[in-house]
Amino acid sequence: MDLELSFKVFKLYILQILPERMHWADAIAQELMRRSDEHAIATGTSISGRIHLGNAGDVIFGDGAYRALEKLSPSSLKLIWFSDDMDPFRRVPAGLDPSFERYLGMPVSSIPCPDKCCSSFVEHYSTIFLNSLKKLGIEPEVHSTTDMYFKGIYENSIKKAIEKKDEIRKIFKEVSGADRPKDWMPFTPVCENCGRISTTKPLSYEDGSIEYRCEGGVVRGKLIEGCGHKGHSDLKHGKLSWRVEWAARWAIFGITCEPFGKEHAVSGGSYDTSSIISREIFGWDPPLPLQYEHVLVGGKKMAKSIGNIMTVKDLLNYLEPEVIRFFFFRSRPITHKDFDMVKLMQLAEEYEHVERIYRGSESPSPREDEGEIKSIYELSQVGEAVKEKPIQMPFRSLVYLVQVNDDVNWIASRLGVEPDKVEKKIQLVERWVEEFCPPEMKFQVSPELPGVELPPVLKEFLQKLSKSLEKDVREKEVQDRIRKLSSELGISPKEAYRAVYLVLLGKDHGPRITTLMKSLDKNFLVKRLRLEG
RNA sequence: GGGCCUGUAGCUCAGCCAGGUAGAGCAAUCGGCUCUUAACCGAUCGGUCGGGGGUUCGAAUCCCUCCAGGCCCGCCA
């Protein structure tokens, strides 16, 4: 008994002196600083069409680590985004002209812009992506893998990999049990005749030159025919096999941390293999992995076939950038994340809550960790976090206000803010209300008197209320009047309010009554309360 | 065939790595604010921590197992 008690006391004491809980980004930054004080964080995206929210998550998580490291002042620090544009084009995304099929098997960097507005397919999609990341305050150093090959940045790595290809084959065998054939080459050239990379087979290597034949290959289970061309390629027009390329890239850029999804993280997967290749072939310690779970949308995987692709650009039509960042930083990367457009208001409210705590207009509850909340809020900011008490324009309030009256000046005066401050947010909320707002939060003043049966006493109440409104619609008096009348007539205020909502909206509840009334034409209101249409 | 993640209050999630009084926000309910529904404030309600077993003085937390959901690898990346 005594022993048990002393254990408890000891533990409670320890808990008190332990530092506050730590945000994952801070924990990673600490671990990284323990390892070294020069850091490069790598993120990357394979460009196969519109770049969605999940792809953005990769970079956003990287930015989280970047910002947390920044606070610890390492001697050098950068955030890199690799445009994986030497990858072969594997599937024509939905919505694109089917004629793009002719590019299957070519490096995506050689496909033209689908809208003929940019210099290429890759530029088209990556520009949109990078611009929307910029709005989230993320501006990584950008590298195109195609350019890197062209410029010869990979050349030494390719030579080394070819030299040690048998060693690499052994690593593949040991780590993932995959048998690469004896004549396997870690580098695949682009066919100089047809421009495809999925169809070429390297035959031999000598002095920086690869002999190959374009004999065809399989892409997503579909056979792509080769053109039959036989030729020689230098080491600038082709690509290292992924796991080798990944390792080479780590070594070349000195990558110390990289976020990635489970497709790489799986046991025997590319992170395992690349780690060993990195260490044994290129002599670089693999980066600290930052594993994350993929983002779902409305409980489903984002897929072009389902048509539920959500991009940051799309999302910026409904949410402020801070809330999008908040979505990624409020919980651990490994946690399932479901971006549900219908529940977006809840997300916005949680962000507002964290903002109030950070900026001192609300105190955290005993179980909320102030240090962690501080990190979450700071990581959610596009720029510097501000400490002053916020003037908030709550998403929820706006949802109701825009449905009553979408005049900017009127809404601004209700919220007590400058019209130009709220204008943008009104647009965001209006779009959400129109497209995703659940029906129970939607309302509309009925143009005709809704067909409702009211007991005589409530009719009398409405008549009297109507009369008093003929003279005066100042809001304090309206509420006073409703209360007075309901007590005079012996009905509960609740019934009284219900009656008003019924005749105005056809529903038994609605937004604050004075807000609603004030936005309506006085004559209309008086008539309606008299049940005259 | 191999692996990963998730399961804690109606909803969204902390807490798990380093076992020690089950938490927050939102919702709901009730009340307050000279202004009673949905801008604010307070209080309350709400959970056999997916099930079972084990280790332990003590398990949401560690181990085993089962169930449910989501996903990945086993072509290429």
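Fair warning: this is a prediction, and the values are worked out from it, not measured in the lab. A, B, ... follow the sequence lines: proteins, then strands. Residue 1 opens every chain.
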Discussion item. Using a 4.0 Å heavy-atom cut-off, does A/Arg90 contact any base of the nucleic acid, only the sugar-phosphate backbone, or nothing at all?
Written reply: base

Worksheet item: Starting at CG of A/Asp338 and ending at C1' of B/G69, how long is that distance when rounded to a whole Å?
Response: 12 Å

Discussion item. Once you apply a heavy-atom cut-off of 4.0 Å, does A/His294 come out as touching a base, just sugar-phosphate, or nothing?
Written reply: nothing

Discussion item. Base, sugar-phosphate or nothing for A/Glu349? Non-hydrogen atoms, less than 4.0 Å.
Written reply: sugar-phosphate

Worksheet item: What is the pairing partner of B/A68, taking Watson-Crick or G-U wobble pairs with both distances under 3.5 Å in any strand?
Response: B/U6

Fill in: Out of B/G70, B/A39, B/C72, whichever nucleotide has its closest atom nearest the side chain of A/Ser397
B/A39

Item to complete: Could you tell me whether the side chain of A/Gln346 has a donor or acceptor atom within less than 3.5 Å of a complementary atom in the base of B/C11?
Response: yes

Worksheet item: A/Phe82 pairs by ring pair (Phe, Tyr, Trp, His ring centres under 6.0 Å) with which of A/Phe260, A/Trp246, A/Phe253?
Response: A/Phe253

Worksheet item: Between A/Phe89 and A/Tyr103, is the ring centre distance below 6.0 Å?
Response: no

Item to complete: Answer yes or no: does atom CD of A/Glu31 have more than 12 heavy-atom neighbours from other residues, nucleotides or ligands under 6.0 Å?
Response: yes

Worksheet, complete the sentence: When rounded to whole Å, the CD to P distance for the pair A/Glu350 and B/G25 reads 11 Å

Discussion item. At 4.0 Å (heavy atoms only), tell me whether A/Ser176 reaches a base, stays on the sugar-phosphate, or touches nothing.
Written reply: nothing

Fill in: Residues A/Glu101 and A/Lys222 bridged, charged N to O under 4.0 Å
yes

